[in-house]
> 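Here it is: the structure, laid out below.
Residues take their numbers from the sequence shown, with the count starting at 1.
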Amino acid sequence: MQLFLRGVVLPFQKGKALEHGIEELPLSGVRVPLAPAGGEQPQLTLSDDGAVTCGDTLCCTDDTPVFATVTGQVEGSVVIQHPLYGSLLCADITAAGDGVADPLPVIPEEELTPEIILNIAREAAIYDELDGVPLWEKLQQWVLPEKDLAALGSILVADATENDVYGSSAWAVLMEQPKLALFGLQMAARAIRFSRYHIATMLPKRRRRTLKRAIGRNYVYTVGDEYPVTLFAPKELEVYRIGAQACLALGRALKQGLRHTAAIVTVSGDALPAPRNLRVPFGARIGDLIEACQPKAGYRMVLGDAMVGIPCTDPNTPLLPGITTVLAMEPKAVRTPGPCIGCGRCAEVCHAGLLPYEIVRRSENMHYERLMHLSPNDCDGCAACSYVCPAGRDVVGEVLQAGQTKGTVFLSWGEDDNE
């Protein structure tokens, strides 16, 4: 492992999945989230027999339609507890057939105004895989007035860096459909009136050359290979980021009238001999994805990358927007954390310029009033500090917890006995 002034280099585990391109995975059914559980139940727009076609509108929540992601039969609804999204009301759909709903209207490129692009992104229910937020909502917040000079100092970046250990879904998208992804990025930039845009990537040299030949070298920005990536464009520009898959989905909606009903997800991990990039509908069961890759027995499931992924214990958990990597990991022996030895590695790799060891020390000594000037709230949870800690401590967890104290602490002594 090589240390940088800000960041670390992670082991490269992407090659095997990229060798096979994007593969389709037949599924028996999906669970499509309709709304948070406990609130007002949405009114479903179903036929009498419950039959749906992929792309049919099931309901509409917060101005964004919810689509059936497979063709089949709605069997009913179920409340689930999702590790990332909490309690959700989902529609259980059994897959049967390959039909697709009628496409959205396709408008000539020269007639696509910012308002039309944003409306199509909403009607196609495109979600940004970077954070699971509807793309039209993000773009709408960034729209500049016409002829605003701020556009000269801003840039829209399609973030395809994927600098974690295993994920390669964005890379697979750029290898399969680079021109359509670039078109989606261009239209997203038009929607917010930005004049500058590019795709940020850390592809290996051979694949980077192939991408540049396909779309033009001026549209490809190469980032460093340290984790985490913090520089997505030249320093003088203010960066706004969206995902490469969101760009592809917008390109498909504008050129082909296709709704956003599926995601490309990397299924990998040290418990899988055959990692793959799969195109699967939203709502696919995580366990089905992993089992398709022939895992070793006794694996543990993780949603997200190996650095900050969330453990998942239920194989029926559905794949939702914001999840681009699913891992099957072999059980590891739990290491007992030791005391801080003051080596300073956590500070060396912190891209926010924090002093994690000092934050942790003051938190342990209950010097909460001395914490805030160390800016623990600037931590974004990248976990590089925990990765390099020779004592095996959960440094990032302790820093995030220190940030929550806000300079003070409230201790719970159990229930009051004042009767």
> Surrounding CD of Glu364 (heavy atoms of other residues, nucleotides or ligands, distance under 6.0 Å), is the total greater than 12?
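Yes, enclosed.
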
> Tell me, please, which residues at least two apart from Tyr219 pass ring-ring contact (aromatic ring centres under 6.0 Å, His included).
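Partners of Tyr219 by the ring-ring contact (aromatic ring centres under 6.0 Å, His included) criterion, ordered by chain and then number, come out as Tyr197.
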
> Of the non-hydrogen atoms in Thr57 and Pro65, which two are nearest, and what is the gap between them?
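Closest pair (atom of Thr57, atom of Pro65, distance): CG2-CB, 4.2 Å.
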
> Just wondering, do Ile215 and Ile199 contact through their side chains at under 4.5 Å, heavy atoms?
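Side chain of Ile199 against side chain of Ile215, heavy atoms only: contact under 4.5 Å found.
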
> Rounded to the nearest 0.5 Å, what separation is found between the NZ atom of Lys212 and the CZ atom of Arg209?
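Going from NZ on Lys212 over to CZ on Arg209, the span is 9.0 Å.
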
> Quick one: does any side-chain atom of Glu129 pair with a main-chain N or O of Ala244 as donor and acceptor, under 3.5 Å?
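Indeed, once roles are kept as given, a pair shorter than 3.5 Å links the two residues.
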
> Donor-acceptor check, side chain of Arg276 to backbone of Val267, threshold 3.5 angstrom: yes or no?
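Not at all, since once roles are kept as given, no pair shorter than 3.5 Å links the two residues.
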
> If we only count heavy atoms from C-beta on, is the Val133 to Gln141 side-chain gap below 4.5 Å?
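A side-chain contact under 4.5 Å is absent here.
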
> Go through the steps for Arg252 and His260 under the test side-chain contact (heavy atoms from CB on, under 4.5 Å), then give the verdict.
CA-CA 9 Å; Arg252 286 162 60 90; His260 195 202; over 6 Å; no

> Can Asp49 and Ser47 be said to form a side chain to side chain donor-acceptor pair (under 3.5 Å), step by step?
CA-CA 5 Å; Asp49 61 358; Ser47 60; 2.6 Å; yes

> Closest heavy-atom contact between Leu211 and Pro178?
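The pair with the smallest heavy-atom distance is CD1-CB, 3.7 Å.
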
> Where the side chain of Ser386 meets the backbone of Val396, is there a donor-acceptor pair that is under 3.5 Å apart?
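Yes, the answer is positive, given that a donor and an acceptor are paired below the 3.5 Å cut-off.
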
> Asp270 side chain to Glu330 main-chain N or O, any donor-acceptor pair under 3.5 Å?
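Yes; at least one donor-acceptor contact below 3.5 Å.
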
> May I ask you to say whether Arg193 pairs ionically with Glu115, meaning some side-chain N is under 4.0 Å from a carboxylate O?
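Result for this pair is yes, salt bridge flagged.
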
> Between Leu44 and Leu34, is there a side-chain heavy-atom distance shorter than 4.5 Å?
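Yes, side chains in contact.
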
> Would you find a donor on one side and an acceptor on the other, under 3.5 Å apart, between the side chain of His82 and the backbone of Pro318?
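Here the side-chain-to-backbone pair exists.
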
> Quick one: do Leu303 and Ile286 satisfy side-chain contact (heavy atoms from CB on, under 4.5 Å)? Show the steps, please.
CA-CA 9 Å; Leu303 304 182; Ile286 299 296; 3.8 Å; yes

> Any salt bridge between Asp92 and Arg285, counting N to O under 4.0 Å?
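A salt bridge is present here (some side-chain N lies under 4.0 Å from a carboxylate O).
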
> Is there a side-chain contact between Leu27 and Val70 in this structure, where contact means two heavy atoms from C-beta onward sitting under 4.5 Å apart?
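In short, these two side chains do not touch, never coming nearer than 4.5 Å.
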
> Give a yes or no on this: more than 12 heavy atoms of other residues, nucleotides or ligands lie within 6.0 Å of atom CD of Glu75.
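Enclosed.
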
> Let me confirm one number: the SG-CG distance from Cys293 to Leu272, rounded to the nearest 0.5 Å.
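It is 5.5 Å, given to the nearest 0.5 Å.
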
> Taking the inter-plane angle between the rings of His198 and Tyr221 on a 0 to 90° scale, is it parallel (under 30°), tilted (30 to 60°) or perpendicular (over 60°)?
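Parallel.
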
> Can you measure from CD1 (Ile264) to CD (Gln245) and round to the nearest 0.5 angstrom?
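Reported value, rounded in 0.5 Å steps: 4.5 Å.
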
> Quick one: OH on Tyr227 to CG on Asp225, what's the gap to the nearest 0.5 Å?
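The distance works out to 14.0 Å.
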
> Would you say the side-chain atoms of Lys14 pair up with the backbone N or O of Asp164, donor to acceptor, closer than 3.5 Å?
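Yes; judged by distance alone, with no hydrogens or angles, the pair exists.
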
> Between Thr69 (side chain only) and Phe282 (backbone N and O only), is there a donor and an acceptor less than 3.5 Å apart?
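Pair found, side chain donor or acceptor close to backbone of Phe282.
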
> Using modelled atom types only, decide if a donor and an acceptor are shared between the side chain of Trp136 and the backbone of Tyr127 within a distance under 3.5 Å.
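Pair absent, no side-chain N/O of Trp136 close to backbone of Tyr127.
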
> Side chain to side chain donor-acceptor pair (under 3.5 Å) with Arg241: which of Asp131, Asp128, Asp159?
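Testing Arg241 for a side chain to side chain donor-acceptor pair (under 3.5 Å) against Asp131, Asp128, Asp159 leaves exactly one candidate, Asp159.
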
> Per the side chain to side chain donor-acceptor pair (under 3.5 Å) rule, which among Thr325, Thr266, Thr324 passes with Asn277?
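Filter result, single survivor: Thr266.
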
> So does Arg300 have more than 12 non-hydrogen atoms from other groups sitting under 6.0 Å from CZ?
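Count not over threshold, so no.
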
> Is the shortest side-chain heavy-atom distance between Cys247 and Ile242 below 4.5 Å?
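With C-beta onward as the side chain, the pair touches.
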
> Test ring-ring contact (aromatic ring centres under 6.0 Å, His included) on Tyr240 and Phe194 and set out the steps.
CA-CA 10 Å; Tyr240 296 78; Phe194 278 27; 5.3 Å; yes

> Would you find more than 12 non-hydrogen atoms of other residues, nucleotides or ligands less than 6.0 Å from Lys332 atom NZ?
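Atom NZ in Lys332 is crowded, with more than 12 foreign heavy atoms closer than 6.0 Å.
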
> Are Leu180 and Gln256 close enough that some pair of their side-chain heavy atoms sits under 4.5 Å apart?
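Touching, per the 4.5 Å side-chain cut-off.
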
> Taking all non-hydrogen atoms of both residues into account, name the closest pair between Pro337 and Gly392 and its distance.
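Closest approach of Pro337 to Gly392: CB-O, 3.8 Å.
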
> Can you see which heavy atom on Ala328 is nearest to which on Tyr299, and at what distance?
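That closest heavy-atom pairing would be CB-CD1, 3.9 Å.
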
> Answer whether the closest heavy-atom distance between the side chains of Leu10 and Val8 falls below 4.5 Å.
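Leu10 reaches Val8 side chain to side chain.
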
> Between Asp380 and His351, does a side-chain contact (heavy atoms from CB on, under 4.5 Å) hold up when you go through it step by step?
CA-CA 10 Å; Asp380 64 1; His351 68 90; 3.0 Å; yes

> Just how far is it from atom NZ of Lys205 to atom CG of Leu203, taken to the nearest 0.5 Å?
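So the gap between those two atoms works out to 13.5 Å.
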
> Quick one, Val52 and Leu46 - any side-chain contact, counting heavy atoms below 4.5 Å?
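A side-chain contact exists here, since the closest heavy-atom pair is under 4.5 Å.
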
> Rounded to the nearest 0.5 Å, what separates atom CG in Leu156 from atom CD in Glu238?
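With rounding to 0.5 Å, CG (Leu156) is 12.0 Å from CD (Glu238).
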
> When you measure from the side chain of Thr71 to the backbone N and O of Gly97, does any donor-acceptor pair fall under 3.5 Å?
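Side chain of Thr71 to backbone of Gly97, a donor-acceptor pair under 3.5 Å: no, none is there.
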
> Report, as yes or no, whether the 6.0 Å neighbourhood of atom CD on Gln43 holds more than 12 heavy atoms from other residues, nucleotides or ligands.
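For Gln43, atom CD is not crowded (no more than 12 foreign heavy atoms under 6.0 Å).
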
> Testing the basics here: between Pro295 and Pro273, what is the closest heavy-atom pair and its distance to 0.1 Å?
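Result for this residue pair: CA-CD, 4.5 Å.
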
> Has Thr113 got a side-chain atom pairing as donor or acceptor with Ile116's backbone, closer than 3.5 angstrom?
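At least one qualifying donor-acceptor pair exists.
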
> Which pair of non-hydrogen atoms, one from Leu278 and one from Ile22, has the smallest distance, and what is that distance?
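Minimum heavy-atom separation between Leu278 and Ile22: C-CG2, 4.3 Å.
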
> Can Asp305 and Val165 be said to form a side-chain contact (heavy atoms from CB on, under 4.5 Å), step by step?
CA-CA 7 Å; Asp305 64 68; Val165 178; over 6 Å; no

